[in-house]
There are 2 protein chains.
Amino acid sequence: MFDAPNGDGTVGKAMQVLDQVSSFGCPVRFSELLADSPFPKPTLYRLLQTLTNQGMLAFDPERQTYSMGIRLVRLAHSAWRHSSLVPIARPHIESLAETVGEAVHLAQFDNGHVLFVDKYKVTDMFDTLAQAGKIAPGYCTGVGKAILAFMTEAQQNRSLDQQSYKAYTPATLSDRTALVAELAWIRKNGVAYDREEHEQGIISIASPILTSKGRVVGAVSIATSTNRYKISDLKKQKPYLLKCANLIGTEAESWQVPTWS
Amino acid sequence: MFDAPNGDGTVGKAMQVLDQVSSFGCPVRFSELLADSPFPKPTLYRLLQTLTNQGMLAFDPERQTYSMGIRLVRLAHSAWRHSSLVPIARPHIESLAETVGEAVHLAQFDNGHVLFVDKYKVTDMFDTLAQAGKIAPGYCTGVGKAILAFMTEAQQNRSLDQQSYKAYTPATLSDRTALVAELAWIRKNGVAYDREEHEQGIISIASPILTSKGRVVGAVSIATSTNRYKISDLKKQKPYLLKCANLIGTEAESWQVPTWS
DNA sequence: AACTAAGTTCCAATATTTGAAACTAAAATT
DNA sequence: AATTTTAGTTTCAAATATTGGAACTTAGTT
């Protein structure tokens, strides 16, 4: 065996534990973690201790529970400001949202998932923060499909394997074959549509953000609700969307190109 | 030697590297990192590789630079939603901001620094996200002093050692003795004032958030600018501020108590 | 073409991590 | 109150991953 299945040493294991705690989404006990951990008891125990020491996790001694640590917020602030598309994309997203009068999302890809890094909605500017950092599946969102469609074949295969293909709604493309066909269409068409595939009543049109060399670095979407608009209405916004994605792509070029494996 | 000065094993070192990259605040080359790294070349090299593999860092192959990884944004989202005071404090902060008509900040402590986890300003709801995750020094901010004043002696000593005591403005308390005296006063008085100690023209009144057992878990502040108000005006808001801090403290009690060492 | 600096790999010495088992503390049950 | 069960913590020798000096390979200069 060469090229271990995953996990680089102790650090890799520690990150796996972080993910696990994060996946619980609420303070969690040692034994709950142990129950579905690949690690033996003392190993998990020490990893948790180390991470807590480091402020990556927080431990509540009264309830004996672990949750995500505050240090992550500081580190992520850095990531968000410097490493994502946000700083470049902000002005373009704002102006697109104002032109079309609907919510605009900016997303990047992280380990098979779509990660929303910014959002702008004309009416309520509220939940920007609540949205940033949120994740959604790749196979059933507009932004997800737009990114998947324009990946290299190797990246795409790897990502398609990571999808759950759970049918969130009747419209969800819930198997790989259907998705692959759709991706081919998207690649030809240039934009992806979400026809209530993730959430009933929510539709969107999404465009990949490409660098001049054709590398996908993220996606922008215009999202709306079915009781306001139909897919055919979104289709009319395509030129604005493409222009926005294009501007971001060009500027991202001369800035920074993140890597996903 | 027993009990190493800091750093738990490989994971600790990896986190140190993350911090270092974060402190650059922009994409950074291997050699720049190496220049002020305590680690020898191959060690640093491998840590960077591991972290990049894990998505905690992003590597731009064209420019050969590292920056913070997108995975952190996902992890921090979790932290922000579940482990901070934000979910409990939100409504109270909003209502305080509306009562007093000024910007209200919510902060927690992270490794000697003040970490802003939420902000509410009546007029512009814009930069909530831009603010969350931001850090500021402990010794020269209202929230920082409020938290320091109410720590246990052990925590306080540890934190006082971590301050830089840099004089940001003429009003900055730029040595430990002066700060200790001020903290004693704050402890007696119940609230801390920032008299343009961090930023010229910005003043604030801050209250610690205490649990019923007297444990500090964060701080709230009302901040304003000197061309609108004076410290004596802020003093009048003290009862509202205390009430808000108190409500948050009580609710935080029955929720979750994070640990800082 | 020769030189320099930046980035990458080797490999034996070394320090860390590992996990079965033993132990302790706290609940739950008799 | 005594006993059993469960959850959390520690031990320690064996197994393993990490370490870093030095050598090597690129890429960029002069």
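Below, chain A is the first sequence line, B the second, and so on; all start at residue 1.
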Practice task
Please figure out whether Val11(B) or Lys41(A) has its closest DNA chain C nucleotide nearer the 5' end.
Solution key: Val11(B)
Practice task
Please report, rounded to the nearest Å, how far the C1' atom of dA7(D) is from the CG atom of Leu44(A).
Solution key: 13 Å
Practice task
Nearest whole angstrom, please: distance from the C1' of dT18(D) to the CZ of Phe39(B).
Solution key: 12 Å
Practice task
Remember a base hit wins even if backbone is also touched, and classify Pro42(A) as base, sugar-phosphate or nothing at under 4.0 Å, heavy atoms.
Solution key: base
Handout entry: Atom pair distance, as rounded to whole Å: NZ in Lys13(A) and P in dT16(C)
Key = 16 Å
Practice task
Tell me yes or no: between the side chains of Gln162(B) and His113(B), is some donor less than 3.5 Å from an acceptor?
Solution key: no
Practice task
Taking the side chain as every heavy atom from C-beta outward, state whether Gln16(A) and Pro38(A) have any pair of such atoms under 4.5 Å apart.
Solution key: yes
Practice task
Write down the distance between CG (Leu47(A)) and C1' (dT9(D)), rounded to a whole number of angstrom.
Solution key: 15 Å
Problem - Value in whole Å for how far the P atom of dT17(C) lies from CG of Leu51(A) - result: 12 Å
Practice task
Taking only the side-chain nitrogens and oxygens of Tyr45(B), find out if one of them lies under 4.0 Å from OP1 or OP2 of dG7(C).
Solution key: no
Exercise for the section: Look at all strands and tell whether Arg46(A) reaches a base, only sugar-phosphate, or nothing, counting heavy atoms closer than 4.0 Å. Expected result: base
Handout entry: Proximity to the side chain of Thr43(B) - top-ranked nucleotide from dT19(D), dG8(D), dA20(C)
Key = dT19(D)
Handout entry: Atom pair distance, as rounded to whole Å: CG in Asp8(A) and P in dA17(D)
Key = 12 Å
Completion exercise
Rounded to whole Å, the CZ-C1' distance (Phe30(A) to dT6(D)) equals 13 Å
Problem - Euclidean distance, atom CD of residue Gln49(B) to atom P of dA6(C) [Å, nearest integer] - result: 19 Å
Practice task
Please check the phosphate of dA5(C) (OP1 and OP2 only) for any side-chain N or O of Ser31(B) closer than 4.0 Å.
Solution key: no
Practice task
Would you tell me whether Gln20(A) and Asp36(A) have side-chain atoms, one donor and one acceptor, within less than 3.5 Å of each other?
Solution key: yes
Fill in the blank from the handout: Which of Tyr66(A), Phe30(A), Tyr45(A) passes ring pair (Phe, Tyr, Trp, His ring centres under 6.0 Å) with Phe59(A)? It is Tyr66(A)
Completion exercise
Closest of dG20(D), dA6(C), dT18(D) to the Thr10(A) side chain is dT18(D)
Exercise for the section: Indicate whether the side chain of Gln54(B) and that of Arg71(B) have a donor and an acceptor atom separated by less than 3.5 Å. Expected result: yes
Problem - Residue Gln64(A), side-chain heavy atoms: nucleotide from dT9(C), dG8(D), dT19(D) that is nearest - result: dG8(D)
